[in-house]
Amino acid sequence: AQVQVVTRHGARSPYHSLPNQSNPHHFICQLHGEEAEVANRWPELFRVFHDESHEAVEPQPSLHLGTESDGVTCQPGGLLMEGVKQTRAIGTHLREAYGEFLADLTPSQVYARTETLPRVVLSSVSLLSGLLLGKAGNIKPAAQQYPVYIIEPDSQEPMNGLPCAAGEAFKTKADEEYGYPESVLKRLGRLFGLQDFGPYMKTVDPAIADVTYTALCDDGDFPCGPGGCVNAVFQQELEGLYNGKWTSQFGEGDGLKGSKLLMYPLIKEVFSLMASDSRPRFTLFTGRDLVIGPVASALGFFDNRWPPFASHIVFELWQPKGVSSKVESDMRVRVLFDGADVTSKFGCKNELCPLEVFGAAVEGMLDGHTSHAEACTLTRQRSGLLKGAAGLTALLVLLVPLFLATRRSKPSVEAMNQPLLY
C-alpha cells in the first residue's frame with residue numbers, strides 16, 4: 001500500500017579541518033559517466049517547493065555539485081560522486097525490489113521532503129532519479145516535474161527535532177556526560193603537534209573523524225601530522241570511541257529520552273501518512289546522521305554505531321491482497337534498517353506488525369504524557385534531571401580523591417570492522 005524511506009545523505013567532503021595536517025585530501029566534485037548523464041536531467045525532473053504554501057522556491061536551489069571557483073574542488077560538506085552513486089543505488093534498488101508497485105509513479109503519488117543543506121537536497125533528487133529512471137537511466141517518467149519540498153525556517157522541520165525544551169535538556173546532559181580518554185587526546189596531540197587536542201573532539205562528529213572518514217570514502221589516506229599518521233589500529237580504536245559517543249548521546253539513558261522526544265514529530269508524521277486515506281504511494285525524508293540515528297534509537301533498533309552515509313530506514317505498509325479497504329485494522333507494517341528487518345524491535349512478534357501496534361509504539365515514545373507539548377515541558381521532566389544531577393554531585397564528592405590521581409573515561413564500544421561512514 002505504501003513505501004516510506006527516511007535516509008541520510010550520501011558521502012560528502014569534510015567541513016572540518018585538522019591543524020598541521022601534512023596530507024590534506026583533495027576532494028573533486030565532478031560527475032562523469034552514467035551519473036553525469038542522469039544528473040543532467042535533475043533540473044528537468046525536479047522542482048523544489050515550500051511545503052506549507054506549495055509555492056516554488058525562488059531562486060531554485062542549484063541541482064549541481066557545489067564546487068569552489070576552480071569548478072573542480074568540492075565546497076566544504078559537498079556531496080561527492082560516491083554520494084551520488086550511493087543514493088541513486090538506493091533508488092534503483094527500491095524500484096527493483098518493489099517492482100510494479102513503484103514503477104511509473106506520477107508526481108501526485110510521491111511526497112519527498114528534504115533538509116535544506118545542498119548535499120541533502122542533491123541526495124534527495126539522486127535517490128528519486130534512481131527510483132524513477134531505473135538502473136539504465138533512460139526511462140521516461142511523467143512529463144510533469146516531481147516536487148521536492150522543504151520547510152523553512154529549519155527550526156520548524158520535524159527532521160531537525162521541533163523545539164522541545166526537555167528533549168534538548170536530555171540531549172545536552174548526555175553530551176556533557178561523555179568524555180574521550182585522556183590518553184587518546186594526548187596521542188592525537190602528539191600526532192598533530194598540539195598541546196590540547198580537546199577542542200577538535202567537540203560535537204558528535206569531531207574533526208578527526210570528519211577528515212578521516214570522508215577521505216577514506218574518496219579513496220584517500222589516513223591523516224598525518226608532524227608526529228606521524230593515524231594508522232589502521234588506532235583508527236579502529238577511534239571508531240569504537242565515536243560509536244560510544246553516539247550510543248551515549250542518542251541510544252541510551254538521557255540520550256535515548258532526548259531522541260524519543262525530538263524525533264516523535266517526524267515518526268508521528270510517518271505513522272499519519274500510513275493512516276491517511278489519501279496516502280502517497282512513495283514518501284521520502286532525506287536528512288543527516290542527526291535524523292537517521294535518533295529515529296532508529298527512538299524506535300528501538302539503533303545498532304550502537306554512527307550511521308553510515310546513505311544509511312536508511314524503510315517503512316512498508318501492507319494490506320491484504322485483493323482488498324481495497326483502508327481500515328487500519330487490516331493494515332500491516334514492516335520496517336527495515338539498512339536492509340535488515342527490525343520490525344520486532346518495537347514490540348511486534350511477527351514479520352508484519354498491525355498498524356495500530358506500530359501507532360501504539362509511536363505514542364509510547366511520550367513516556368505516558370498525553371501530548372508532545374506536555375512531554376516537552378521542562379518543569380515536568382526537571383525532577384528526573386535534578387535527581388540525576390544530585391546523584392552525580394554526591395558521586396563526585398566521593399570520587400574527588402580518585403579524580404586527582406587518575407582521570408576517568410567512559411568505556412569504549414567495540415570497534416567496527418569497516419570504516420564507519422563509508
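Index from 1, following the sequence. It should be emphasised that the depicted structure is a prediction, and the values quoted were computed from it without experimental measurement.
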Heavy-atom closest contact ([X] atom, [Y] atom, distance):
X	Y	result
His372	Cys164	NE2-SG, 4.3 Å
Leu63	Trp42	O-CE3, 3.4 Å
Cys348	Thr343	CB-O, 3.7 Å
Leu262	Gly167	CD1-O, 4.0 Å
Asn243	Asn304	CB-O, 3.4 Å
Asp338	Ala310	OD1-O, 4.5 Å

Residues [X] and [Y] bridged, charged N to O under 4.0 Å:
X	Y	answer
Glu316	Arg332	no
Lys85	Glu35	no
Asp205	Lys245	no

Tell me if a side-chain donor or acceptor on [X] pairs with a main-chain N or O of [Y] at a distance below 3.5 Å.
X	Y	result
Glu96	Gly134	no
Ser13	Gly78	yes
Glu157	Met159	yes
Asp175	Lys171	no
Arg119	Leu79	no
Gln2	Pro280	yes
Thr7	Gly287	no
Thr172	Ala169	no
Tyr146	Leu105	yes
Arg88	Ser129	no

What distance separates [X] [atom1] from [Y] [atom2], expressed to the nearest 0.5 Å?
X	Y	atom1	atom2	answer
Gln75	Tyr15	CD	OH	15.5 Å
Cys353	Leu317	SG	CG	11.0 Å
Met274	Gln4	CE	CD	5.0 Å
Leu185	Ile208	CG	CD1	11.5 Å
Cys229	Gln235	SG	CD	12.5 Å
Lys173	Ser248	NZ	OG	10.0 Å

May I ask you to check whether over 12 heavy atoms, not counting those of [X], lie within 6.0 Å of atom [atom1]?
X	atom1	result
His93	NE2	no
Glu58	CD	yes
Trp318	CH2	no
Glu44	CD	yes
Asp104	CG	no

- Task: Assign the ring pair Tyr242 / Trp306 to parallel, tilted or perpendicular, where the plane angle (0 to 90°) is split at 30° and 60°.
- Result: perpendicular
- Task: Give me the ring orientation class for Phe358 and Phe315: parallel if the planes are under 30° apart, tilted from 30 to 60°, perpendicular past 60°.
- Result: tilted
Should [X] and [Y] count as side-chain neighbours, where that means a heavy-atom distance under 4.5 Å?
X	Y	result
Val270	Val295	no
Ile313	Val335	yes
Arg279	Ser272	no
Lys345	Phe302	no
Arg113	Pro158	yes
Leu273	Glu269	yes
Phe234	Val184	yes
Asp154	Glu115	no

- Does a donor on one side chain sit under 3.5 Å from an acceptor on the other, for Asp51 and Tyr111? yes
- Message: Hydrogens and angles aside, do Glu363 and Tyr264 bring a side-chain donor and acceptor to less than 3.5 Å of each other?
- Response: yes
- Message: Assess the residue pair Leu355 and Phe271 against the criterion (side-chain contact (heavy atoms from CB on, under 4.5 Å)); give the C-alpha distance rounded to whole Å, side-chain angles, the decisive distance to 0.1 Å, and a yes or no.
- Response: CA-CA 8 Å; Leu355 180 58; Phe271 171 75; 3.6 Å; yes
- Are the aromatic rings of Phe250 and Trp246 close, with centres under 6.0 Å apart? yes
- Item | Centroid-centroid distance, Phe309 to His9, less than 6.0 Å | yes
- Message: Using side-chain contact (heavy atoms from CB on, under 4.5 Å), reason through Thr87 and Thr286 one step at a time and then give a plain yes or no.
- Response: CA-CA 10 Å; Thr87 48; Thr286 311; over 6 Å; no
- Item | Verdict with supporting geometry, Val125 and Leu45, side-chain contact (heavy atoms from CB on, under 4.5 Å) | CA-CA 9 Å; Val125 298; Leu45 293 171; over 6 Å; no
- Message: Suppose the criterion is side-chain hydrogen bond (donor to acceptor under 3.5 Å, both in side chains): which pairs have a residue in residues 18-27, not counting sequence neighbours?
- Response: Gln21-Asn23, His25-Asp218, His26-Thr73
- Give the intermediate values and the outcome of side-chain contact (heavy atoms from CB on, under 4.5 Å) for residues Asp341 and Arg334. CA-CA 7 Å; Asp341 190 332; Arg334 187 170 75 141; 3.5 Å; yes
